[in-house]
Amino acid sequence: DGRFMATGSTDDRIRLFGNSSSTPLWTYNTGSDVKSVSASRDGGTIAVANDGGKLMVFNSTGDQPEWTFSTGSAINSVAVSQDGEYVVAGRSNGQVYLFSRDSNVPVWNYGTGNSVTAVAISGDGSYMTVGSSNKRVYLFEKDDSTPLWNYTTGGEVYTVAISADGEYIVAGSEDNNIYLFDKDSSTPLWKYTTGGDVRSVAISADGEHITVGSEDYKVYLFDKNSSTPLWNYTTFTYVNSVAISSDGEYIVTGTSSSRIYLFHKNSGTPLWTYIADSSPNGVTSIAISADGEYFVSSIFNVPPTFIFIVE
């Protein structure tokens with residue numbers, strides 16, 4: 001809801017901010033580089049994964065983990081359902097774990113055989129999708145560790161997203177392709193080939209709009225019913241991260257030239273552009289609140305985290 005922003009850093013720390021101050025509400029040292037952070041819609045559940053193989057769950061009101069799950073290898077990606085009831089995590093050794101909010105004992109786990117690169121979960125935690133370096137996209141249902149289906153792409157799957165109702169899954173791959181799936185079939189509804197590795201994808205809550213960032217320097221917007229982009233915009237460098245508001249109205253993107261762009265869905269011309277820093281690795285991550293009022297961006301190896309208010 002935009003009240004809280006959680007950030008993770010290579011200084012081993014997670015920081016929680018309110019939307020009215022650049023002073024963290026609290027900071028916690030996880031003991032290793034933070035690899036991934038995810039929060040529920042109200043901030044009541046915040047999951048943090050680090051390079052040391054720890055998954056920690058926090059509440060926005062406390063600066064100590066409510067529970068910790070320790071593994072023997074890095075946890076690359078974590079996602080929390082919007083209602084905060086479920087947490088999914090993927091490890092560098094190929095294991096996928098599903099947790100209930102209230103316990104550090106996995107509901108189930110599944111081995112993909114290769115490093116898990118990305119995970120995403122539906123709003124109520126009923127479905128979760130996983131991308132792996134084994135080139136596959138997986139879909140799971142929360143009550144069973146056996147995948148509903150998997151699909152083999154032409155390269156490592158770098159990024160996945162799922163609509164809030166779990167109906168639509170989008171994946172981006174090293175093979176330059178974007179894939180859109182319906183949850184009931186492993187056959188893509190469509191695919192689109194960009195000019196470079198697809199590094200980031202995001203989907204609106206109802207699945208109607210999909211945004212994509214690629215190493216071809218472009219950000220794309222699609223309607224779910226067509227593989228022809230509604231528009232694309234060419235930036236100066238790789239597009240590292242994209243996000244979309246729940247209603248699909250606003251798209252925000254960050255590039256390796258540290259430029260941040262804000263778009264409205266009806267136009268491929270940015271509402272505005274901001275150059276955050278001269279860091280050669282640029283924007284590493286970007287996120288937007290459900291209503292599109294707030295978004296947060298982080299810059300590689302630069303202490304500030306930038307918080308913007310859309311007016």
Side-chain angles (χ1 to χ4, degrees), residues 4 6-8 12 14 16 26 28-132 136-148 150 157 159-166 169 183 285 287:
F4 300 105
T7 67
D12 303 350
I14 174 178
L16 186 72
W26 52 257
Y28 181 83
N29 190 330
T30 72
S32 187
D33 291 358
V34 176
K35 299 278 284 185
S36 183
V37 175
S38 181
S40 61
R41 185 181 288 243
D42 65 359
T45 304
I46 301 163
V48 181
N50 75 6
D51 199 42
K54 288 185 177 180
L55 172 67
M56 289 155 277
V57 168
F58 296 81
N59 188 293
S60 60
T61 60
D63 62 356
Q64 297 296 312
E66 294 192 355
W67 57 255
T68 299
F69 176 78
S70 297
T71 71
S73 59
I75 299 175
N76 290 334
S77 184
V78 64
V80 176
S81 58
Q82 288 181 5
D83 62 9
E85 292 299 314
Y86 292 95
V87 179
V88 60
R91 283 175 66 188
S92 60
N93 76 341
Q95 291 292 314
V96 181
Y97 299 91
L98 179 68
F99 297 87
S100 169
R101 166 68 176 81
D102 298 323
S103 174
N104 67 347
V105 178
V107 175
W108 52 253
N109 68 285
Y110 176 84
T112 67
N114 292 87
S115 180
V116 174
T117 52
V119 299
I121 192 167
S122 63
D124 65 359
S126 292
Y127 297 95
M128 54 284 312
T129 184
V130 173
S132 173
R136 291 180 180 175
V137 183
Y138 298 83
L139 183 68
F140 296 87
E141 200 270 337
K142 75 171 187 285
D143 295 324
D144 194 345
S145 64
T146 301
L148 293 171
N150 69 78
V157 179
T159 177
V160 294
I162 189 168
S163 58
D165 60 8
I169 296 95
K183 70 175 173 60
S285 182

Are [X] and [Y] close enough that some pair of their side-chain heavy atoms sits under 4.5 Å apart?
X    : Y    : result
V107 : K142 : no
T45  : V57  : yes
W26  : I14  : yes
W108 : D143 : no
N93  : T71  : no
I162 : M128 : no
D63  : Y28  : no
F140 : V88  : no

Q. Between V116 and R91, is a side chain to side chain contact (heavy atoms under 4.5 Å, CB included) present by the stated rule, with each step listed?
A. CA-CA 6 Å; V116 174; R91 283 175 66 188; 5.9 Å; no
Which atom of [X] lies closest to which atom of [Y], heavy atoms considered:
X    : Y    : result
V130 : V160 : C-CG1, 4.2 Å
P106 : Y97  : CG-CD2, 3.8 Å
G131 : V157 : CA-CG1, 3.7 Å

Q.
Checking D12 against D33 for the side chain to side chain contact (heavy atoms under 4.5 Å, CB included) test, could you report, in this order, the C-alpha distance in whole Å, the side-chain angles of both residues, the deciding distance, and whether it holds?
A. CA-CA 4 Å; D12 303 350; D33 291 358; 3.3 Å; yes
Q) Is the F99 ring parallel, tilted or perpendicular to the F69 ring (thresholds 30°, 60°)? A)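 Ring orientation of F99 relative to F69: perpendicular.
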Q: Give a yes-or-no answer on whether the side chains of D102 and S100 include a donor-acceptor pair shorter than 3.5 Å.
A: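 On atom types as modelled, these side chains do not qualify, holding no pair under 3.5 Å.
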Q.
Can you see whether D42 engages S40 through a side-chain donor-acceptor pair at a distance of less than 3.5 angstrom?
A.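 Indeed, the side chains of D42 and S40 share at least one donor-acceptor pair under 3.5 Å.
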Mind checking the [atom1]-[atom2] spacing from [X] to [Y]? Nearest 0.5 Å is all I need.
X   : Y   : atom1 : atom2 : result
M56 : I75 : CE    : CD1   : 8.0 Å
T61 : F4  : OG1   : CZ    : 8.0 Å
N50 : S36 : CG    : OG    : 11.0 Å

Measure from the side-chain N and O atoms of [X] to the backbone N and O of [Y], and report whether any donor-acceptor pair falls under 3.5 Å.
X    : Y    : answer
S38  : V80  : yes
S81  : Y86  : yes
T129 : A120 : no
S77  : V119 : yes
T30  : S32  : yes
D144 : P147 : no

Q) Under the side chain to side chain contact (heavy atoms under 4.5 Å, CB included) criterion, do S60 and L16 qualify, and how do the steps go? A) CA-CA 7 Å; S60 60; L16 186 72; 3.8 Å; yes
Q: Take atom NZ of K54 as the centre, draw a 6.0 Å sphere, and report whether it contains more than 12 heavy atoms from other residues, nucleotides or ligands.
A: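 Not buried by this count: 12 neighbours or fewer within 6.0 Å.
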Q. Is any NZ, NE, NH1 or NH2 atom of the basic residue among R101 and E66 found under 4.0 Å from an Asp or Glu carboxylate oxygen of the other?
A.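 Judged by the 4.0 Å cut-off on N to carboxylate O distance, R101 and E66 do form a salt bridge.
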Q: Take L148 and Y127 through the test side chain to side chain contact (heavy atoms under 4.5 Å, CB included) and record every step on the way to the result.
A: CA-CA 10 Å; L148 293 171; Y127 297 95; 3.8 Å; yes
